[in-house]
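Worksheet: the structure to be examined is printed underneath.
Keep in mind that the numbers below use all heavy atoms, side chains included, and drop hydrogens, waters and symmetry copies. In this text the structure is predicted, and so the values were computed from the model without any measurement. Lettering of chains follows the sequences in order, A, B, ..., and the numbering in each one begins at 1.
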Amino acid sequence: MQKDGSKQSIPEAFLKPYDPIAEEPAMYALWEERGYFNPDNLPDQSGEPYTIIMPPPNANGSLHAGHAVFVTIEDLLIRYNRMKGKRALWLPGADHAGFETQVVYEKKLEKEGRTRFGMDSEQLRKEILDFTLANKSFMEGQLRQLGASCDWSREKFTLDPDVVKTVYATFEQLYKDGLVYRGSKSINWCTKHQTSLSELETISEERIDPLYYMQYGPFVVATVRPETMFGDTAVAVHPEDARYKQWIGKEIEFEGPIGPMKLPVVADEYVDPEFGTGVVKITPAHDPNDFAVAQRHTLPAIAVIDQYGKLTNKTGKFAGMKVEEARKTVADDLEKMGMLAKVDREYKHAVKKCYKCERVLEPRILPQWFVKMKPLAERAREAISRDEVVFYPEHYEKIMLHWLDNIEDWNVSRQIVWGIPIPAWYHELKCIPKPGREADVSTCEEVVISVEKPVCAFCDAEYLRDTDTFDTWFSSGQWPFATLGYPNGKDFKKFYPTQVMETAGEIIFFWVARMIMLGLYRTGTVPFSTVYLHGIVTAKDGQKMSKSKGNVISPLELSEKYGTDALRMGLTIGNTPGTTTALYEEKIRAYKLFANKLWNITRFVLENTDASADRPELAEADAIRLNELNDMVADVTRDIDEYRFYMAGEKLYHYVWHTFADLVIEESKSILGGSDATAQASRQWFLYHALITFLKLLHPFMPFVTESIWQKLPNKDSDVLMVSKWPQ
RNA sequence: GCGCGCUUAGCUCAGUGGUAGAGCGACCCUUUGACGUAGGGUAGGCCGGGGGUUCAAUCCCCUCAGCGCGCACCA
């Protein structure tokens, strides 16, 4: 209010309700134009670096609610730290997402009546690349819509040549250090996707299946898979089992469904004398445990199931049958032959399935590339125990250590085209040296790790390229240092190690653990000092969102309907780390009202204050209000520093609405309408000061509406809110 | 089987060793003065059951139950 009692003139925009749809894109354009997403352009270059590497979204579809959560939290941290004077770098990226994307693309092909099998692999690769790049740019637009203040000039894609180069260098070094080996081991094979999968890419499911007790000569063996009997190469008993001791080292012979069988009897601790009959049939080719037994006793393996899950020509009349059919048929035959001693129909056990198609995985023995994990895991364990990496929520540390302690070697080969090719080459035929070059032929390497095609120095033969690609997580596991240009890049020196890794709790093993291990291995340093894990976003009823349930909520749609600020606020408040968060429309709508409330609060303040007035002597009421405000600032700051964003957001919301609007503004009406000029000046100053203060505090939570208001303020300490100073 | 988490208002969730909190929803009142996308108010909870520690437990410990999740090679 001016001295004569009339209202200050205010920007016209405040005469209408806040319109996020019109304001948000304009604000994002303003930020991009100023260039402050790039920390090198910040006005103050004296601050400490503060880095978050964005978990690169899979470039194979639209952003989902989980992405919106990470954008919300990471952008909050970045904006907060930027306002604190740090040189904040948020490095965006996109993941080619090997297997995931190939699966998505296969579905697309299926719809078009095509199939990847039989397609020229170069052609397929090119098609998926086009598809991925289109999705990548689509997704970048969506990140902008969500307000991500990331440095687009540093954006990385997992297939960028420099990233691939780093991945190759790591593989080569692991190989030289003896931490990578090619081995024929029992691996998880998906008969639909025609590739092997790592342990993490399997899900186990409890099932009730018949347990068949089969007469094997003098023994009875129990199995759920009679169809694998043609691949049996031994039977095993426990070394101390008195019932069978005299058989150890001998052979049993009997007539099977396709002819005579002759199997050695081996003794192995693996056998539990209490289970079944205490005799186990050993099928090394199709059971990982049996494979381990076979390794200990150097037993051969006979593959009786092929890559499509059909019985091979080693199975006589059963050849060509699918596993399920063969199981029944073999069991029937055994029964007719009097070989089926009994069947337990209620046998409960677990089967491993492909995490994508949920088909039962077939264990097969195939040559694959493995990374020896124990030495890598040990270093990670030490670093975590020394708190070089801390977890929010804390209990994830226990979960991580437990996993690291029980880690298995990691199969990094995939039999798919979409991915980074494994840079391995094989000497196809036995090396027959050219005349005069026989001398050191013993040094001829059968396997060479190299980006370029090697040629044999002894026989001039060209090496054959490995056709497999890397598990996507092998490259994403190197993301923090690969994106920053390890080892010589300027950014690497400046921004590594990073401060926070914020991602979904469900990929803690897939990604977080591997980044810690590979980061330590290559750079000697943990790649980040804090891990913040958010929970899965569910529908209101706590159900996981899925297309089949039809309860998927698109964050982009909510953003278009209620504004991104409302969406972000809804994803912040009530979202504690590590627990699931329900996302539903009513909640988001409530925060749209809040954005509008802020808008109207500003209108009131501008109409009733002189923004350029100096701070007067404060009336007692305002000194108390100022203390209250400052307490709130301290509280909110502490909450953010301690990663309690949900608390900070709620306190701000509560202050602005229920303290500032409901109490301060209401009591101001009588003060400003009264006759005490001193009290009026004091209150006017406080109103404007408080507005400036909570706009700053709210900026990391609701960047758009706060910036939009800021742009219309007559007097402020910075032309853009995003680089203004955080209140003390 | 082992491990982890959760259980607080109708719903979604915070929280604290000392007569319980938010948002949404419900009900009632308010209609020119920042905002009706609003304001004011009311109701609603043996803080999952049982036991223990304590002067005092929703909170710490033990135990049970229900729900959810992770890990696991018994054929």
Side-chain angles (χ1 to χ4, degrees), chain A residues 7 10 14-18 186 199-200 203-204 211-214 221-226 228 232 235-236 238 268-283 286-293 347 349-350 352 363 393 395-396 398-403 405-408 505-506 508-509 535-536 538-544 562 566 569-570 573-576 578-608 644 646-647 649-651 653-654 657-658 660-662 665-666 668-669 673 687:
Chain A
K7 303 258 161 144
I10 57 159
F14 291 111
L15 301 177
K16 289 180 295 187
Y18 174 61
S186 185
E199 292 305 310
L200 285 177
I203 45 175
S204 50
L211 181 65
Y212 301 91
Y213 286 77
M214 299 154 42
V221 298
T223 182
V224 286
R225 304 197 62 184
T228 62
D232 290 354
V235 291
H238 191 276
D268 199 286
E269 300 275 343
Y270 153 71
V271 181
D272 176 0
E274 305 294 315
F275 184 89
T277 57
V279 187
V280 185
K281 69 192 252 326
I282 299 298
T283 322
H286 301 292
D287 185 287
N289 301 311
D290 293 3
F291 178 78
V293 172
Y347 178 60
H349 69 137
K352 279 192 178 178
H395 76 262
Y396 270 101
K398 250 194 236 170
I399 295 173
M400 173 68 94
L401 292 177
H402 180 257
W403 187 75
D405 289 343
N406 296 292
I407 202 161
E408 298 284 332
E506 55 186 333
I508 180 172
F509 306 139
I536 296 174
T538 64
K540 188 175 182 180
D541 58 1
Q543 294 282 308
K544 197 169 173 171
Y562 300 107
M569 208 57 177
I573 295 178
N575 181 359
T576 45
T579 58
T580 60
T581 309
L583 175 64
Y584 48 93
E585 222 166 309
E586 304 93 284
K587 192 165 154 188
I588 306 305
R589 189 166 39 103
Y591 294 111
K592 181 186 174 166
L593 304 187
F594 181 59
N596 191 55
K597 190 79 180 171
L598 264 183
W599 192 253
N600 286 300
I601 283 170
T602 307
R603 174 177 170 181
F604 177 86
V605 173
L606 292 184
E607 278 178 346
N608 292 287
R644 292 188 301 262
Y646 56 100
M647 284 242 78
E650 197 164 323
K651 280 176 188 164
Y653 178 91
H654 199 263
W657 204 311
H658 299 299
F660 192 80
D662 289 356
I665 287 189
E666 289 308 317
S668 297
K669 288 175 184 171
L687 287 173

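With both ends at atom P, the span from B:rA38 to B:rG23 equals 13 Å, rounded to whole Å. One C1' atom belongs to B:rC60, the other to B:rU53, and the distance between them is 8 Å to the nearest Å. Nucleotides B:rG44 and B:rC6 are separated by 30 Å at their P atoms, to the nearest Å. A gap of 11 Å separates the P atoms of B:rC62 and B:rC4, to the nearest Å. Between the P atoms of B:rA72 and B:rC2, the separation comes to 16 Å (whole Å). B:rG17 and B:rA56 have their C1' atoms separated by 8 Å, with the value rounded to a whole Å. Taking the P atom of each, B:rG10 and B:rC47 are spaced 13 Å apart, rounded to whole Å. Comparing the C1' positions of B:rU16 and B:rC24 gives a spacing of 24 Å, expressed to the nearest Å.
B:rC35 atom P lies 8 Å from atom CD of A:Glu607, rounded to whole Å. Whole-Å rounding puts the A:Phe660 CZ to B:rC35 P distance at 15 Å. Whole-Å rounding puts the A:Ile588 CD1 to B:rU12 P distance at 16 Å. One interatomic measurement links the two molecules: CZ of A:Arg644 to C1' of B:rA14, which rounds to 12 Å at whole-angstrom precision. Going from atom CZ of A:Phe604 over to atom P of B:rA38 covers 18 Å, rounded to whole Å. One atom, CD1 of A:Ile601, and another, P of B:rA38, lie 13 Å apart when rounded to the nearest Å. Atom-to-atom, CD1 of A:Ile573 to P of B:rA22 comes out at 14 Å; the value is rounded to the nearest Å. Per the geometry, NE2 belonging to A:His395 stands 10 Å off P belonging to B:rC4, to the nearest Å.
Across all strands, A:His658 comes closer than 4.0 Å only to sugar-phosphate atoms, never to a base (heavy-atom distances). The residue A:Ala661 sits close to a base: some heavy atom pair falls under 4.0 Å.
Ring geometry for A:Trp657 versus A:Phe594: interplanar angle under 30°, hence parallel rather than tilted (30 to 60°). Relative ring orientation between A:Tyr347 and A:Phe275 is described as perpendicular, the plane-to-plane angle rising above 60° on a 0-90° scale split at 30° and 60°.
Side-chain nitrogen and oxygen atoms of A:Lys16 include none within less than 4.0 Å of the OP1 or OP2 phosphate oxygen of B:rC35. Within the structure, a side-chain polar atom (N or O) of A:Trp657 is placed less than 4.0 Å from OP1 or OP2 of B:rG39. Note on A:Tyr646: a side-chain N or O is less than 4.0 Å away from OP1 or OP2 of B:rG15.
In this structure, of B:rA22, B:rA34, B:rU37, it is B:rA34 that holds the atom nearest to the side chain of A:Lys597. Distance from the side chain of A:Ala590 is smallest to B:rC24 among B:rU37, B:rC24, B:rA34.
Between A:Asn289 and A:Tyr270 the shortest side-chain heavy-atom distance falls below 4.5 Å. The side-chain heavy atoms of A:Asn608 and A:Ser668, taken from C-beta on, include no pair separated by under 4.5 Å. Two residues are said to be in side-chain contact when any heavy atoms from C-beta on lie closer than 4.5 Å; A:Ile10 and A:Leu15 meet this criterion. Within the 4.5 Å cutoff, the side chain of A:Ile508 has heavy atoms near those of the A:Met400 side chain. Contact annotation: the side chain of A:Val221 never approaches that of A:Tyr213 to less than 4.5 Å [non-hydrogen atoms, C-beta and beyond].
Remark: A:Glu269 pairs with no residue by the salt bridge (Lys or Arg N to Asp or Glu O under 4.0 Å) rule, at least two apart or across chains. A:Met647 is linked by a side-chain contact (heavy atoms from CB on, under 4.5 Å) to A:Asp639, A:Arg644, A:Lys651, counting only residues two or more places apart in sequence or in another chain. Remark: A:Tyr562 pairs with A:Glu585 by the side-chain hydrogen bond (donor to acceptor under 3.5 Å, both in side chains) rule, at least two apart or across chains.
Residue side chain A:Lys398 does not reach the base of B:rC4 through any donor-acceptor N/O pair under 3.5 Å, judged by distance alone.
Toward the 5' end of RNA chain B, the nearer of the two residues A:Asp662 and A:Phe14, judged by each one's closest nucleotide, is A:Phe14.
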field: Test log, rule side chain to side chain contact (heavy atoms under 4.5 Å, CB included), inputs A:Ile665 and A:Ile601
entry: CA-CA 8 Å; A:Ile665 287 189; A:Ile601 283 170; 4.1 Å; yes
Apply side chain to side chain contact (heavy atoms under 4.5 Å, CB included) to the pair A:Ile203 and A:Lys352, showing each step before the final yes or no. CA-CA 6 Å; A:Ile203 45 175; A:Lys352 279 192 178 178; over 6 Å; no
For a side chain to side chain contact (heavy atoms under 4.5 Å, CB included) check, start with the C-alpha distance between A:Leu200 and A:Trp403, then their side-chain angles and the critical distance, and finish with the verdict. CA-CA 11 Å; A:Leu200 285 177; A:Trp403 187 75; 4.0 Å; yes
What's touching nucleotides 70-75 of chain B from the protein side, N or O pairs under 3.5 Å?
residue	atom	partner	partner atom	Å
B:rC73	O4'	A:Asn289	OD1	3.1
B:rC73	O2'	A:Asn289	ND2	2.8
B:rC73	N1	A:Asn289	OD1	2.9
B:rC74	O2	A:Asp272	OD2	3.2
B:rC74	N3	A:Asp272	OD2	2.4
B:rC74	N4	A:Asp272	OD2	3.4
B:rA75	OP2	A:Tyr347	OH	2.1
B:rA75	O5'	A:Tyr347	OH	3.2
B:rA75	O2'	A:Ala222	O	2.9
B:rA75	N6	A:Asp272	O	2.9
B:rA75	N6	A:Phe275	O	2.4
B:rA75	N1	A:Asp272	N	3.3

Could you run down the sub-3.5 Å N/O contacts of the protein with nucleotides 26-29 of chain B?
none

Pairing string of RNA chain B (Watson-Crick or G-U wobble, both atom distances under 3.5 Å; | = paired to other strand) is (((((((..((((....[..)))).(((((.......))))).....(((((..]....))))))))))))....
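Taken from CZ in A:Phe604 to CZ in A:Phe660, the straight-line distance is 8.0 Å, to the nearest 0.5 Å.
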